[in-house]
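Worksheet for the structure shown next.
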Protein chains: 2
Amino acid sequence: MTHLLLVDDEQDMVDLVTMYLENAGYTVSAALNGDEAEKKLRELGPDLILLDIMMPGRDGFTVCESIRSYSDVPIIFLTARGEEWDKVRAFSLGGDDYIVKPFSPGEMTARIQAVLRRFGSSTEKRETIRYQTLSIDIHSRTVKVDGTVVGLTMKEFDLLVFLAKKRGRIFSREELLETVWGAQYSGGTRTVDTHIKTLRMKLKHEGASIETVWGIGYKFVDGSV
Amino acid sequence: MTHLLLVDDEQDMVDLVTMYLENAGYTVSAALNGDEAEKKLRELGPDLILLDIMMPGRDGFTVCESIRSYSDVPIIFLTARGEEWDKVRAFSLGGDDYIVKPFSPGEMTARIQAVLRRFGSSTEKRETIRYQTLSIDIHSRTVKVDGTVVGLTMKEFDLLVFLAKKRGRIFSREELLETVWGAQYSGGTRTVDTHIKTLRMKLKHEGASIETVWGIGYKFVDGSV
DNA sequence: ACCGGTGTGAAGTAAGTGTGAAAAAACACT
DNA sequence: AGTGTTTTTTCACACTTACTTCACACCGGT
């Protein structure tokens with residue numbers, strides 16, 4: 001049974017959406033603010049959170065950021081049409097999707113299912129690497145920049161994941177060939193350059209996250225150092 | 001503290017390489033032949049072995065083969081340029097990497113770190129040098145002044161690290177060329193001056209930390225002495 | 001004031017990297 | 001097996017960067 005946590009400060013909206021979702025076969029818990037949401041998240045361990053952005057006190061962004069520091073639970077933002085909000089920020093904070101109110105029951109369940117499917121079975125813990133507006137889902141091999149999917153080939157993806165997992169550390173072309181391509185690879189080292197090039201291009205502005213260390217190799221920047 | 005065992009029959013080479021490695025922060029033991037090497041391996045349990053191939057008596061290959069029958073310690077082969085040797089055999093016997101002489105200190109430490117990292121050596125530490133508003137991260141080769149990153153080239157970085165690690169001590173240009181550039185360097189000593197100049201410029205107000213000792217060389221100031 | 005040591009800016013030189021295109025290889029689909 | 005598509009690798013060239021050298025100005029100590 002899939003269990004959802006709905007976070008919204010308006011009781012009317014909570015009642016309406018709860019009805020939608022229960023009709024669709026989910027069990028639903030509700031929280032009226034961020035603190036209550038995090039409490040219930042720990043107690044109930046829901047499979048997905050629907051999080052309203054506009055709330056008195058801590059807004060949805062703040063709550064999401066807090067949750068992401070200890071949990072990878074999927075989060076879908078709720079926002080009213082015409083409301084001023086930052087789509088890029090939503091994804092960079094670790095949001096997985098968003099729904100604009102008012103929405104139909106069908107749209108809501110479709111999006112929930114899509115997100116859950118993307119995460120695989122609810123028991124399977126997914127691994128996601130995030131850096132600014134870049135998110136890398138290891139299991140589905142999906143890379144997003146600003147929330148839009150970027151199509152990467154196998155080698156490109158493996159290379160990106162390896163660098164992003166060890167951000168801040170420098171790897172020579174030989175090391176990258178050995179770990180990403182495999183020890184039996186026998187070609188030239190310039191192949192790495194070409195893949196770095198296409199990665200930078202496909203990642204658009206996030207391509208700058210992969211830096212050249214002159215005379216040594218490449219590294220993924222580490223903002224914390 | 002990472003401990004290395006250096007095996008080479010030439011005393012000059014042992015002295016030189018030992019100096020390189022101790023400057024890089026390792027402790028070093030030396031053995032002049034295969035028997036001594038295996039004895040010290042059992043007694044000291046080093047984290048990595050640097051093994052010269054061309055040695056009188058048992059050569060490096062034979063020693064490696066013998067060691068591999070009872071130990072998985074990482075082994076890096078040393079070989080002179082142009083020397084006849086079998087790269088494939090080196091790896092098939094269980095070697096982890098090789099370095100061609102003559103080599104620069106930077107190349108040597110880079111390869112050692114790479115091998116240790118591949119083995120997931122727990123002794124690897126995140127080393128940071130700090131002095132006032134200056135911070136130097138050895139592994140990511142990142143230098144910050146007042147919290148903002150300063151882009152240094154390879155030689156500039158190596159030179160700064162060497163001076164900053166031994167703050168207060170004075171080094172002649174010849175000493176700096178030998179330890180930072182490597183023994184095979186053959187150019188003039190004024191190159192050091194130029195690198196000092198750019199370092200001082202790039203480090204902004206922290207550039208004053210590198211002082212000229214007239215008629216002798218340079219030193220990194222030591223505030224505590 | 002002298003003389004050798006040092007700071008500095010501007011060159012030259014060598015090496016490393018970015019890039020576009022083409023070749024080669026892997027793959028999918030008949 | 002044959003075809004077409006995508007991915008991967010190679011290559012050549014242009015470009016950037018790091019390193020070194022040099023000339024000249026400046027400085028420090030005697």
Side-chain angles (χ1 to χ4, degrees), chain A residues 141 143 150-163 170-204 207-220, chain B residues 81 100 102-107 110 141 143 149-163 170-204 207-220:
Chain A
R141 299 181 71 86
V143 174
V150 173
L152 296 185
T153 69
M154 191 138 32
K155 288 266 170 22
E156 287 161 6
F157 182 84
D158 291 344
L159 178 60
L160 175 61
V161 167
F162 181 75
L163 287 171
I170 306 166
F171 297 94
S172 69
R173 292 171 177 72
E174 288 80 7
E175 288 179 88
L176 294 172
L177 286 171
E178 191 171 339
T179 53
V180 177
W181 271 256
Q184 78 286 357
Y185 178 82
S186 59
T189 60
R190 297 304 305 278
T191 298
V192 178
D193 299 45
T194 302
H195 280 79
I196 294 282
K197 179 192 66 176
T198 57
L199 262 182
R200 283 171 170 162
M201 185 193 66
K202 288 185 176 180
L203 297 182
K204 296 193 244 183
S209 303
I210 303 174
E211 286 185 352
T212 304
V213 184
W214 226 85
I216 303 180
Y218 298 97
K219 74 171 178 182
F220 196 99
Chain B
R81 193 189 305 283
V100 177
F103 39 76
S104 70
E107 182 192 354
R141 299 180 72 89
V143 175
V149 175
V150 174
L152 296 186
T153 69
M154 190 150 35
K155 289 266 176 11
E156 286 161 7
F157 182 85
D158 291 344
L159 178 60
L160 174 62
V161 167
F162 180 75
L163 288 172
I170 306 167
F171 297 95
S172 68
R173 291 171 178 72
E174 287 78 10
E175 286 179 278
L176 294 172
L177 285 172
E178 191 172 351
T179 52
V180 177
W181 270 255
Q184 78 279 13
Y185 177 81
S186 59
T189 60
R190 297 306 306 279
T191 298
V192 178
D193 300 45
T194 302
H195 280 80
I196 294 284
K197 178 194 66 176
T198 57
L199 261 182
R200 284 170 171 163
M201 184 194 67
K202 288 185 177 179
L203 297 183
K204 310 255 178 85
S209 303
I210 303 174
E211 288 183 351
T212 305
V213 183
W214 224 83
I216 304 179
Y218 299 97
K219 72 169 181 182
F220 196 99

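For clarity, every value in this text was computed on a predicted model and none was experimentally measured. Because only heavy atoms are used, hydrogens play no part in the values below, and waters and symmetry mates are left out as well, while side chains stay in. Lettering of chains follows the sequences in order, A, B, ..., and the numbering in each one begins at 1.
- Distance, B/Met201 CE to D/dA18 P: 11 Å, rounded to whole Å.
- Between A/Trp181 and D/dT8, a side-chain N or O to OP1/OP2 separation shorter than 4.0 Å is absent.
- Between A/Trp214 and B/Thr153, every side-chain heavy-atom pair lies at or beyond the 4.5 Å cut-off.
- For the pair B/Asp158/B/Trp181, no side-chain contact is recorded, criterion being any heavy-atom separation below 4.5 Å from C-beta on.
- Residues that satisfy the ring pair (Phe, Tyr, Trp, His ring centres under 6.0 Å) test with A/Tyr218, not counting sequence neighbours, are absent from this structure.
- Running 5' to 3' along DNA chain C, contacts with non-hydrogen atoms of chain A at under 4.0 Å begin and end at C/dA15 to C/dG20.
- When rounded to the nearest whole Å, the span between CG of B/Leu159 and P of D/dC19 equals 10 Å.
- Within the 4.5 Å cutoff, the side chain of B/Lys204 has no heavy atoms near those of the B/Val150 side chain.
- Residues B/Arg141 and A/Ile216 have side chains in contact (heavy-atom distance under 4.5 Å, counting atoms from C-beta outward).
- D/dC15 atom P lies 16 Å from atom CH2 of A/Trp214, rounded to whole Å.
- Counting only distance, with no hydrogens or angles, the side chain of A/Arg200 and the backbone of A/Ile210 share a donor-acceptor pair below 3.5 Å.
- One can place NZ of B/Lys202 at 11 Å from P of D/dT17, the figure rounded to the nearest angstrom.
- A 4.5 Å side-chain heavy-atom check between A/Leu159 and A/Ile196 finds at least one atom pair inside the cut-off.
- The residue B/Leu152 sits apart from the nucleic acid: no heavy atom pair falls under 4.0 Å.
- For DNA chain C, the residues of residues 184-197 of chain B within the heavy-atom distance limit of 4.0 Å (strictly under) are B/Arg190, B/Asp193, B/Lys197, sorted by number.
- Rounded to whole angstrom, the span from the CE atom of B/Met154 across to the C1' atom of D/dT17 amounts to 11 Å.
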